[in-house]
Amino acid sequence: MASTFLHLLLCSILLSVFSPSLAQTSFRPKALVLPVSKDAASLQYITHINQRTHLVSIPLTLDLGGQFLWVDCDQGYVSSSYRPVRCGSAQCSLTRSKACGECFSGPVKGCNYSTCVLSPDNTVTGTATSGEVGEDAVSIQSTDGSNPGRVVSVRRLLFTCGSTFLLEGLASRVKGMAGLGRSRVALPSQFSSAFSFNRKFSICLSSSTKSTGVVFFGDGPYVLLPKVDASQSLTYTPLITNPVSTASAYFQGEASVEYFIGVKSIKINGKAVPLNATLLSIDSQGYGGTKISTVHPYTVLETSIYKAVTQAFLKELSTITRVASVSPFGACFSSKDIGSTRVGPAVPPIDLVLQRQSVYWRVFGANSMVQVSDNVLCLGFVDGGVNPRTSIVIGGRQLEDNLLQFDLATSRLGFSSSLLSRQTTCSNFNFTSNA
Ligand SMILES: *[C@@H]1O[C@H](CO)[C@@H](O)[C@H](O)[C@H]1NC(C)=O
Ligand SMILES: *[C@@H]1O[C@H](CO)[C@@H](O)[C@H](O)[C@H]1NC(C)=O
Ligand SMILES: *[C@@H]1O[C@H](CO)[C@@H](O)[C@H](O)[C@H]1NC(C)=O
């Protein structure tokens, strides 16, 4: 009797493994793609995620260091597949939520009884609130690395409900933020676990407001026309953990989910800029160090670093006519005096030196300079004041047309430097679908 039962059980397992309907639903993408555009007014990077039932395309500000996806649930959220996440559930513990919500006014969308609560953060304005954790369906295009392929779905993607007021300061029409930070509930980790692919993702931001950059979830190839696999030209540096959260609201003991790297010195034209080294490391209070951010349009430097870098840059460009500064920049030049190269205006390269002297992220003119008018080019770095939380925040302008790969499993960053030197740009992913 017992052996017959076992036999039957095995048969039913084999049957289900080979059943065609299961084979169809088990299509496993190796990677996913999202287009990203640059909003001219706010200089924010905008992506769209198809969420809910029926699917709606939700415009979101891309937040590289953001904790998770959050969207406004107060207005216009209609979905038959939305579910609040209960306190004490497995999903709630995945989010590391330490709060359980009860509503004063009975269950409404975005507030239900005993729901898991997190703090959605508008990292552009530094405003946070508390919001219900929910799950809903999300659809996204898969890729073979060269083109978008078939659309795949995550039926229960975790996110947090924000409020309408939290959208203030985001680009117009945007309904939330797409967090790509180092947390289990950020989009990269959820997509990797939903489809069992590598815990890696890459961003490649376009420098133009008229063309589209790309985020890849999963490993390369990342092919940019004309057939350049940008994943083949990366230099690697460790990602560093800041032990103190950099979110607007957090619990004591939480580490930051933003991406920090170990800049050891800065060289301009190959010459080291004199800097206070203490500012370059992260102290026990979480101050100092260098992070990468897509919500800052330009690199922000602590005042003494800003002054030293600007002075060194001016010294190397002393033959060029300096013109009146244009806010928020402090060093501007007559562009007529500056030649152009494949990698942008012909100015001294700025090297961010990493774990060894031989490992550096070279910033060429295309990334260091900003054309503020027909005749004026400015050094695209801004003064972050004294005693800022983070000494160096590498901002959007300095990331454009560079491929950055974040490997969460090995905790390292791969960076390409300017793809212009390889005769391609971040707007050269072929978004023509071959599905
Ligand atoms: C509150 O949660 C219950 C149980 O999951 C659900 O049936 C109900 O629709 C939710 N209410 C709202 C307004 O989301
Ligand atoms: C370097 O920076 C640290 C941290 O802000 C500060 O305490 C120290 O006084 C600075 N050293 C110098 C020589 O300015
Ligand atoms: C883009 O991809 C499509 C679909 O594979 C292909 O037909 C087309 O030739 C590609 N475009 C270029 C410029 O290679």
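Numbering of ligands and ligand atoms starts at 1, following listing order.
Y222 and S202 share a donor-acceptor pair across their side chains, judged by distance under 3.5 Å alone.
Between N147 and ligand 3, at least one pair of N/O atoms sits closer than 3.5 Å. Considering backbone and side-chain atoms alike, N430 places an N or O below 3.5 Å from some N or O of ligand 3.
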| R96 vs E254, salt bridge (Lys or Arg N to Asp or Glu O under 4.0 Å): CA-CA, chis, key distance, verdict | CA-CA 10 Å; R96 306 243 165 99; E254 282 179 357; over 6 Å; no
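Side chain of Q355 to backbone of Y236: a donor-acceptor contact under 3.5 angstrom is found.
Taking the six-membered ring where tryptophan is involved, the planes of W361 and F415 are essentially parallel, since the angle between them stays under 30° and well short of 60°.
Within 6.0 Å of atom CZ in R199, more than 12 heavy atoms from other residues, nucleotides or ligands are found, so the atom counts as buried in its surroundings.
Close approach to L225 involves these atoms of ligand 3, each under 4.0 Å from a residue heavy atom: 13 (C), 14 (O).
Ligand 2 is surrounded by N276, T278, L279, each with at least one heavy atom closer than 4.0 Å.
Note that the CD atom of E135 and the CD atom of Q190 stand 9.0 Å from one another [nearest 0.5 Å].
Remark: T424 engages L224, P226, V228, L419, N428 in a side chain to side chain contact (heavy atoms under 4.5 Å, CB included) (not counting sequence neighbours).
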